[in-house]
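A quick note: this is a predicted structure, and the numbers were derived from the prediction, not measured. Order of the sequence lines fixes the chain letters, A, B, ..., with proteins taken first and strands second; residue numbering starts at 1 for each chain.
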Amino acid sequence: MPESSAFAPQYASIRHRDYTAELGIWVFIATEVLLFGGLILAYFVYRHAFPPGFAAGSRHTEIVIGTANTAVLLTSSFLVAWAVEIFSPATAKIVTWLLIGAACLGLVFIVLKGIEYSKEYDEHLVPGIDFQLAGPKANGVQLFFVLYFVTTAIHALHMLIGICLLLTLAAICRKAPTTRHHTALHSAALYWHFVDVVWIFLFALIYLPGRSTS
Amino acid sequence: MTDWRPPLPLIGAWLGLLALLALTVTLAYVPLGAGNAVVALTIGTIKAGLVAAIFMELWHRRGLTLVFAGAGLFWLGILLWLGSMDFMTRT
């Protein structure tokens, strides 16, 4: 692969540079794990305190949209992993289209999430803005929806950042990609897969509980 | 001709992930009591493991990369363990 410039002086080789970048993105992912980990801990604590409320809250979420979004995100991750795998100057065009496809799937996810949010608003399930649920489980359901909106909104923000990254890389990789671009794409891909992993757990915690009971 | 096709492990992981998604949604509707949460989180962990091993290439990594990738999980374990201790044991 052609080189646009030599590696920076702190590195012994291109391999050393790429290895450092990979370790660096894993450190960043560790901080992100703890960000979402704190939210998931809060979720477990309140689910432990209000089990029926959380089951009822979960039943109010749109499982069809949630499942479709999970499939969309898994497919998007697959496209990015594919792009990383075949990356070379000869495949620049295909890599570009794979990244655009992955970013478009990311946008589909955001749009479906928006539709879901508007449905929940119509059903008066947005704590702090319009929450009108009565009954013995109302407090638990409200706590569930507080955590639901905070975690999914922070996740959606990560998605938007990821979509911008993928589109930027698609534009850059279009012509004469170098090993530096491959390293950048590899780092962005690790981030994108991590956002996918977060969603896998959010899906299991938000959409699946309480489905077998009524 | 340049090979642009995705490697088989990637396709396998993608199809496996979609199959696990279908399985977890189906099992969520089977009454298993407390087992539903265990099943959902177990399948979620397997899916996350597939993404980490194949998509994030950890299967091909050794040594320091695995330590760096595992560090986040290690601290997450401490966070969840110490954080939930009080609430789980409170009478």
*Which is it for Ser84(B) and Phe44(A) under the side chain to side chain contact (heavy atoms under 4.5 Å, CB included) test, yes or no, and what are the steps along the way?*
CA-CA 8 Å; Ser84(B) 58; Phe44(A) 279 131; 5.8 Å; no
- Task: I would like to know whether Val84(A) and Glu57(B) meet side chain to side chain contact (heavy atoms under 4.5 Å, CB included); could you show each step before the answer?
- Result: CA-CA 10 Å; Val84(A) 171; Glu57(B) 302 172 10; 3.6 Å; yes
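Minimum interatomic distance between Glu85(A) and Pro7(B) (heavy atoms only, all atoms of both residues): CG-CG, 3.1 Å. What you find for Leu208(A) and Thr24(B) is that their closest heavy atoms are CD1-OG1, 3.4 Å. Scanning all heavy atoms of the two residues, the minimum distance from Ala28(B) to Arg211(A) falls at O-CB, 3.4 Å.
Atom CG in Leu80(B) sits 7.5 Å away from atom CD1 in Ile40(A) (nearest 0.5 Å). Rounded to the nearest 0.5 Å, atoms CG (Leu18(B)) and OG1 (Thr75(A)) are 5.0 Å apart. With values rounded to the nearest 0.5 angstrom, Leu50(B) atom CG is found 8.5 Å from Ile200(A) atom CD1. Atom CG of residue Leu74(A) and atom CZ of residue Phe55(B) lie 7.0 Å apart, to the nearest 0.5 angstrom.
Heavy atoms closer than 4.5 Å to chain B are found in the side chain of Ile63(A), but not in its backbone. Only the side chain of Leu205(A) has a heavy atom closer than 4.5 Å to any heavy atom of chain B. For a residue to count as touching a neighbouring chain, one of its non-hydrogen atoms must lie under 4.5 Å from one of that chain's; by this rule Ile29(A) touches chain B with the side chain only. Of the atoms belonging to Ile94(A), it is side-chain heavy atoms, and not backbone ones, that fall under 4.5 Å from chain B. In this structure, chain B has no heavy atom under 4.5 Å from any part of Ala189(A). Heavy atoms of Leu58(B) lying under 4.5 Å from chain A belong exclusively to its side chain. Neither the backbone nor the side chain of Val198(A) comes within less than 4.5 Å of any heavy atom of chain B. If you measure heavy-atom distances from Thr31(A) to chain B, you find no contacts under 4.5 Å at all. Within the 4.5 angstrom heavy-atom criterion, no atom of Phe36(A) approaches chain B.
Phe194(A) places a side-chain heavy atom less than 4.5 Å from the side chain of Met56(B). Looking only at side-chain heavy atoms (C-beta outward), Arg5(B) and Ile86(A) stay at 4.5 Å or farther from each other. With contacts defined as side-chain heavy-atom distances shorter than 4.5 Å, the pair Trp75(B)/Val33(A) does not qualify. Side-chain atoms of Ser212(A) and Val30(B), non-hydrogen and from C-beta on, never get closer than 4.5 Å to each other. Side-chain contact between Leu64(B) and Tyr19(A) is present, with at least one heavy-atom pair separated by less than 4.5 Å.
Most heavy-atom pairs under 4.5 Å with chain A, from the set Gly70(B), Ala71(B), Ala69(B), Gly44(B): that is Ala69(B). Comparing Leu27(B), Leu32(B), Asp86(B), Val25(B) by heavy-atom pairs within less than 4.5 Å of chain A, the highest count is held by Val25(B). The most heavy-atom pairs under 4.5 Å with chain A, out of Val39(B), Thr45(B), Leu73(B), come from Thr45(B). Considering only heavy-atom pairs separated by less than 4.5 Å from chain B, the leading option among Ala81(A), Ala204(A), Ala83(A), Ala30(A) is Ala81(A). Contact tally against chain A (heavy-atom pairs below 4.5 Å) for Ile54(B), Leu21(B), Leu17(B): the top residue is Leu21(B). In terms of non-hydrogen atom pairs under 4.5 Å with chain B, the most contact-rich of Val80(A), Val197(A), Val95(A), Leu41(A) is Leu41(A). For chain B, the option among Ala42(A), Pro209(A), Ala71(A) with the highest count of heavy-atom pairs below 4.5 Å is Ala71(A).
No more than 12 heavy atoms of other residues, nucleotides or ligands sit less than 6.0 Å from atom CG of Leu8(B). A 6.0 Å sphere centred on CZ of Phe145(A) holds more than 12 heavy atoms belonging to other residues, nucleotides or ligands.
Taking the ring centroids of Phe87(B) and His48(A), they lie at or beyond the 6.0 Å cut-off. Here the two rings, on Phe78(A) and Trp14(B), have centers that are under 6.0 Å apart.
Applying the side-chain hydrogen bond (donor to acceptor under 3.5 Å, both in side chains) test to residues at least two apart or on different chains, none of the pairs has a partner in residues 96-107 of chain A.
Taking the salt bridge (charged side-chain N to carboxylate O under 4.0 Å, His left out) definition, one finds that Lys119(A) meets it with Glu62(A), sequence neighbours left out.
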